[in-house]
Protein chains: 2
Amino acid sequence: MQEQADKIVKVLQANGLRVTPQRFAVYANLLGRSDHPRAEQILQDLNQAAPQSSQATVYSSLQALKKVGLVREVLLEEGVCRYDANVDPHHHFRCQGCGEIEDIPWEQLQGIQLGSLRSGLTVGNYEVTVHGWCDRCQTH
Amino acid sequence: MQEQADKIVKVLQANGLRVTPQRFAVYANLLGRSDHPRAEQILQDLNQAAPQSSQATVYSSLQALKKVGLVREVLLEEGVCRYDANVDPHHHFRCQGCGEIEDIPWEQLQGIQLGSLRSGLTVGNYEVTVHGWCDRCQTH
DNA sequence: CTTTGTGCAAACGATTTGCAGGATG
DNA sequence: CATCCTGCAAATCGTTTGCACAAAG
């Protein structure tokens, strides 16, 4: 636990970010969950027991973390921005019933051929979004 | 042109939508462009010469068109909802420089194997989003 | 004539900003 | 001790809503 905390501090510093209790808490919270929360959900989670951070600070922490590449945005619903501390390439599955978002490991969707894209386009990265129904929402 | 207009009227009716000048204009506008505009851009385009529609009506027209499946949303940027009258399955390319979004024909990204998804998930549809740089933005 | 759409303005939710005080390196 | 961060409240952006009037089928 302490070891984990030290590691987070080091990662933040290595990326040129000052380590403040709030920023630490936001990043640690995001690392500890895989449900792609929105800023608001992180805020509530942090302040559940005792006030730890303000709304504006959560937003700015997320921006800072995003800028250095420690978190990324996940955009799968209209007007909703979710965050993910898993920055390794992976795909997403979104349940059309409950809205839950689940990671799909990179290796599980292989065989994509990007070679035939129109010339003139330079590919940086790509990802697949799968829409469907999860276990609990089979009765659509 | 007139032929095209008649066709649009028929499509709207076939989908159970009343044909109003505003709704017609929104759909025709979207059909005539491939740049995935936001609601606001459609509004401005329509009212460029003379007032044709109000903001609220553009939004509600888009909702109605979306509900019957004549247009779809494209979500590739934070907090921004774009619209597309091309509802055939296709993928998207987004330039990280200028933000331009370009369609990628479905056939151009083949070979995706969805078979190995975790059991319990039912696949509805999927799409690939490619991030990169377009012709004009090669100097990143 | 019944139902649905339009336009206006106000309301809304999510995110951003300005600024003064406080903490970090 | 210079720089950057925090917290508050106000501002902003895109979108939605309530309601009275108008138009479509």
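None of the values given here were measured: they were computed from a predicted structure. Chain identifiers are assigned alphabetically (A, B, ...) following the order of the sequence lines, protein sequences preceding nucleic acid strands; residue numbering begins at 1 within each chain.
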* Kindly point out which of D/dT6, C/dA14, C/dT6 is positioned nearest to the side chain of A/R38? => C/dA14
* Is any side-chain nitrogen or oxygen of A/T57 closer than 4.0 Å to OP1 or OP2 of D/dG7? -> yes
* For B/R23 and C/dT3, what is the distance between atoms CZ and C1' respectively, to the nearest whole Å? -> 12 Å
* Would you tell me if any nitrogen or oxygen in the side chain of B/Q52 comes within less than 4.0 Å of OP1 or OP2 on C/dT6? => no
* Asked: For B/Y59 and C/dA9, what is the distance between atoms OH and C1' respectively, to the nearest whole Å?
  -> 15 Å
* Whole-Å gap separating C1' (C/dT15) and OH (A/Y83) -> 8 Å
* Over how many whole Å does the gap from B/E77 atom CD to D/dC13 atom P extend? -> 16 Å
* Tell me whether the OP1 or OP2 atom of D/dC5 has a side-chain N or O from A/S60 closer than 4.0 Å. => no
* Within the structure, does a side-chain N or O atom of A/T20 lie under 4.0 Å from either OP1 or OP2 of D/dT6? -> yes
* Describe the nucleic acid contact of A/V19 in one word from base, sugar-phosphate, nothing, applying a heavy-atom distance below 4.0 Å. => sugar-phosphate
* Nucleotide D/dT15, atom P - distance to NZ of B/K66 in whole Å -> 10 Å
* To do: Round to a whole Å and report the spacing from CG of A/L17 to C1' of C/dG25.
  => 13 Å
* Side chain proximity check, A/L117 to B/Q108, heavy atoms < 4.5 angstrom -> yes
* To do: Side-chain contact test, heavy atoms from C-beta onward, threshold under 4.5 Å: evaluate it for B/Q110 versus A/I112 and give yes or no.
  => no
* To do: Using the six-membered ring wherever Trp is involved, compare the ring planes of B/W106 and B/H91 and label them parallel, tilted or perpendicular (cut-offs 30° and 60°).
  => parallel
* Asked: Below 4.0 angstrom from OP1 or OP2 of D/dG7, is there any side-chain N or O of A/S53?
  -> yes
* Asked: Is the phosphate of D/dA23, meaning OP1 or OP2, less than 4.0 Å from a side-chain N or O of B/R18?
  -> no
* Asked: Of A/G16 and B/R82, whose closest DNA chain D nucleotide lies nearer the 5' terminus?
  -> A/G16
* To do: Take the protein atom CD of A/Q13 and the nucleotide atom C1' of C/dA23, then report the distance between them rounded to whole Å.
  => 15 Å
* Looking for any heavy atom pair under 4.0 Å, which part of the strands does A/E78 touch: base, sugar-phosphate only, or nothing? -> sugar-phosphate
* **Shortest side-chain distance from B/A56, nucleotide among C/dT15, C/dG25, D/dT17** => D/dT17
* To do: Check whether any side-chain heavy atom of A/D45 lies under 4.5 Å from a side-chain heavy atom of A/P37, and answer yes or no.
  => no
* Asked: When the distance from CD of A/E40 to P of C/dT16 is rounded to whole Å, what number comes out?
  -> 13 Å
* **NZ/NE/NH1/NH2 to OD/OE distance under 4.0 Å, B/R33 and B/D84** => no
* Under 4.0 Å between a side-chain N or O of B/Q55 and OP1 or OP2 of C/dT6? -> no
